[in-house]
Amino acid sequence: DILDLATPDNNGNRYCLDGCVHGTSFGEVELMKRKATSVGVKHFSEMINRIEALTSPGKPEGYTIQRIHRDQGTEFEGAVKQYMDDHNLINSTTEVNRHTANAMVEQRNKALATTGAALNYTAMGSDDGYIRMLQGESIRWSNHLINNSSITLYQKENDITAYEDQTGRASPLAEKEIYTWGSLAYGFIPKEHRVNKLSNRAFMGLWVGLDNKVYDGHRIVPIIKDSGRWKIMPTKVCVKVKVFEGIFPLKINPDKHQSYLMPEEKLELENPEWLKSHTEDGIEPTDQQNEGEYEIEKIVDHSHDEQGTEF
C-alpha cells in the first residue's frame, strides 16, 4: 500500500510505500518523493530485495517472494506491474474500496501512524511545523520498532519478535546501541567535507535511528537556529556520533535557552574528551608525539656525535 503524508518532509519525501510478509507480519517501508510508477518500481524492487536478503543472506534460492497482494491503485500499474511480470510474481488485487481484503497492510498503516505520532509527541510536543518536516523519519523508525515486537499469536507464544521470526536472528536494535528518537546528537564531519582546517568537526542535530544501507550508520537530522525556531535540514548518515540521551532540542526555543550551543562550543564545554578522541583520520590518540614544535622543559642527558657535536 502507499501512505500519502500530505506534505513533503525534510528530505522531500511525501509518500510511503509499505508492505508486510504474510505469516510473520514483518514489514518494510520505502519513502518516495513522487507516486509515479516510474519512481515506485525502484523502491518496490529495493523493498523486495531487502526482505529476501535479510531472510536468506547470500542464498537467493533459499527464500523468494512469490506473490504480491495489493489494492487496485494506479500506482501499482505500469512499471511496477511490468516488474512483477518480469520476475514471475503472482499479481493479485483486492476488491475496489474493500479495505478489509488487505487487512494486514491496513493494520500496519495504522500501527505506523500511531507509533509515529507517539515518537513525534515525545520529541517535539504538538508542533505541527516540526512534525511535518520529520514525519518521514518517524515512519521509518516506527517500522523498525514494530518489527521488534511480537505481532502474531505464534510470536507472542514463543516470545520472539517479527524480525526474529522472519530472519531467524536477533535484530540490530537488540545488538547495537540505540537512543530515544529525536534526542540531541552531534555527527562527526570528515575532514574532506570541512571548509578549512579549523572548521567545525561536528554538526548539531537529532538522532532519528539506524540506517539500512550504511553499516553502523546513524541517521542524524541537522538543525540550526533560525529566527527563534529550529531550521530542519535534510538527513545525514554518520558512523561517528555523540548522542545526549533524552534531551529534545525541538521542545525548547533556541533563542531562550543558551544550554544548546553550536557544535564546537557544545563539545568543548560539555564533553571535550569526546572531541579530542576523534582525530581527522578517525584514530584514537596515543602517547606517541606527532610532528610539530614543542617547548623544551628539561635536558635529561647529553649526547655527542663522532665530531663532538652535542645533540
Side-chain angles (χ1 to χ4, degrees), residues 8-13 31 33 123-124 127 129-130 133-134 136-138 140-141 176-295:
D9 65 1
N10 65 313
N11 297 311
N13 296 315
L31 295 170
K33 291 179 172 61
M124 63 202 77
D127 192 311
Y130 292 148
M133 294 300 289
L134 291 170
E137 291 295 349
S138 64
R140 188 195 304 272
W141 190 239
K176 297 182 180 180
E177 188 173 11
I178 61 174
Y179 307 92
T180 303
W181 191 88
S183 291
L184 174 66
Y186 290 93
F188 181 69
I189 303 175
K191 63 178 181 180
E192 58 269 19
H193 294 160
R194 301 174 197 159
V195 177
N196 53 60
K197 189 72 173 179
L198 300 181
S199 293
N200 295 339
R201 296 194 173 197
F203 64 89
M204 183 180 184
L206 311 170
W207 188 89
V208 292
L210 302 175
D211 191 69
N212 283 335
K213 297 180 179 179
V214 178
Y215 182 74
D216 277 345
H218 297 262
R219 297 182 67 83
I220 308 295
V221 175
I223 57 174
I224 58 176
K225 298 178 181 181
D226 183 24
S227 303
R229 299 229 351 136
W230 293 108
K231 184 177 181 180
I232 299 175
M233 311 298 290
T235 306
K236 301 293 183 182
V237 178
C238 305
V239 174
K240 295 180 180 179
V241 298
K242 176 64 179 179
V243 182
F244 294 86
E245 173 64 32
I247 298 178
F248 304 111
L250 296 187
K251 282 188 171 181
I252 298 179
N253 187 319
D255 289 340
K256 294 182 179 179
H257 292 261
Q258 298 302 320
S259 59
Y260 292 93
L261 306 176
M262 297 309 290
E264 70 279 5
E265 299 171 315
K266 183 76 174 181
L267 291 174
E268 289 177 0
L269 292 176
E270 287 205 3
N271 203 343
E273 294 304 319
W274 180 80
L275 179 60
K276 294 177 183 177
S277 67
H278 289 73
T279 63
E280 291 186 356
D281 298 321
I283 303 175
E284 296 293 329
T286 64
D287 292 334
Q288 182 179 357
Q289 290 184 334
N290 299 321
E291 295 182 357
E293 296 182 358
Y294 299 90
E295 181 180 349

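- Smallest separation of non-hydrogen atoms from Pro254 and Gly228: CD-O, 3.6 Å.
- For the residue pair Ile220 and Ala185, the shortest heavy atom distance occurs at CD1-CB, 3.8 Å.
- Here CG of Leu210 is found 7.0 Å from CD1 of Ile178. Values are rounded to the nearest 0.5 Å.
- Heavy-atom neighbours of Lys251 NZ from other residues, nucleotides or ligands within 6.0 Å: above the threshold of 12.
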Exercise for review: Run the numbers on Ile189 and Arg201 for side-chain contact (heavy atoms from CB on, under 4.5 Å), then give the verdict.
Suggested key: CA-CA 5 Å; Ile189 303 175; Arg201 296 194 173 197; 5.7 Å; no
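- When the shell of 6.0 Å around NZ of Lys213 is examined, it contains 12 or fewer heavy atoms from other residues, nucleotides or ligands.
- Annotation: cation-pi pair Lys242/Tyr179 absent, no NZ/CZ under 6.0 Å from the ring centroid and within 45° of its normal.
- Judged by distance alone, the side chain of Asp9 and the main-chain N or O of Leu134 form no donor-acceptor pair under 3.5 Å.
- In this structure, CG on Leu250 lies 11.0 Å from CE on Met133, to the nearest 0.5 angstrom.
- Atom CD1 of Ile232 is separated from atom CG of Asp226 by 11.0 Å, given to the nearest 0.5 angstrom.
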Exercise for review: Quick one: do Glu137 and Asn11 satisfy side-chain contact (heavy atoms from CB on, under 4.5 Å)? Show the steps, please.
Suggested key: CA-CA 9 Å; Glu137 291 295 349; Asn11 297 311; 3.3 Å; yes
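- Considering every non-hydrogen atom in both Phe244 and Ser183, the closest pair reads O-CB, 3.7 Å.
- Closest heavy-atom contact between Gly187 and Cys238: CA-SG, 4.0 Å.
- To the nearest 0.5 Å, atoms CZ (Phe188) and CG (Asn200) are separated by 12.0 Å.
- Judged by distance alone, the side chain of Thr235 and the main-chain N or O of Val221 form no donor-acceptor pair under 3.5 Å.
- Residues passing the salt bridge (charged side-chain N to carboxylate O under 4.0 Å, His left out) test with Asp127 are Arg229, sequence neighbours excluded.
- Atom CE in Met124 sits 4.0 Å away from atom CH2 in Trp181 (nearest 0.5 Å).
- The CD atom of Glu245 sits 9.0 Å away from atom CD of Glu177, with the distance rounded to the nearest 0.5 Å.
- Ala202 and Tyr186 get closest at one heavy-atom pair: CB-CB, 4.2 Å.
- Between Thr180 and Phe248, the closest heavy-atom pair is CG2-CZ, 3.7 Å.
- The aromatic rings of Trp207 and His218 lie tilted to each other, with the angle between the two planes from 30° to 60°.
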Exercise for review: Apply the test side-chain contact (heavy atoms from CB on, under 4.5 Å) to residues Ile224 and Met204: give CA-CA distance (whole Å), side-chain angles for both, the deciding distance (0.1 Å), then the verdict.
Suggested key: CA-CA 7 Å; Ile224 58 176; Met204 183 180 184; over 6 Å; no
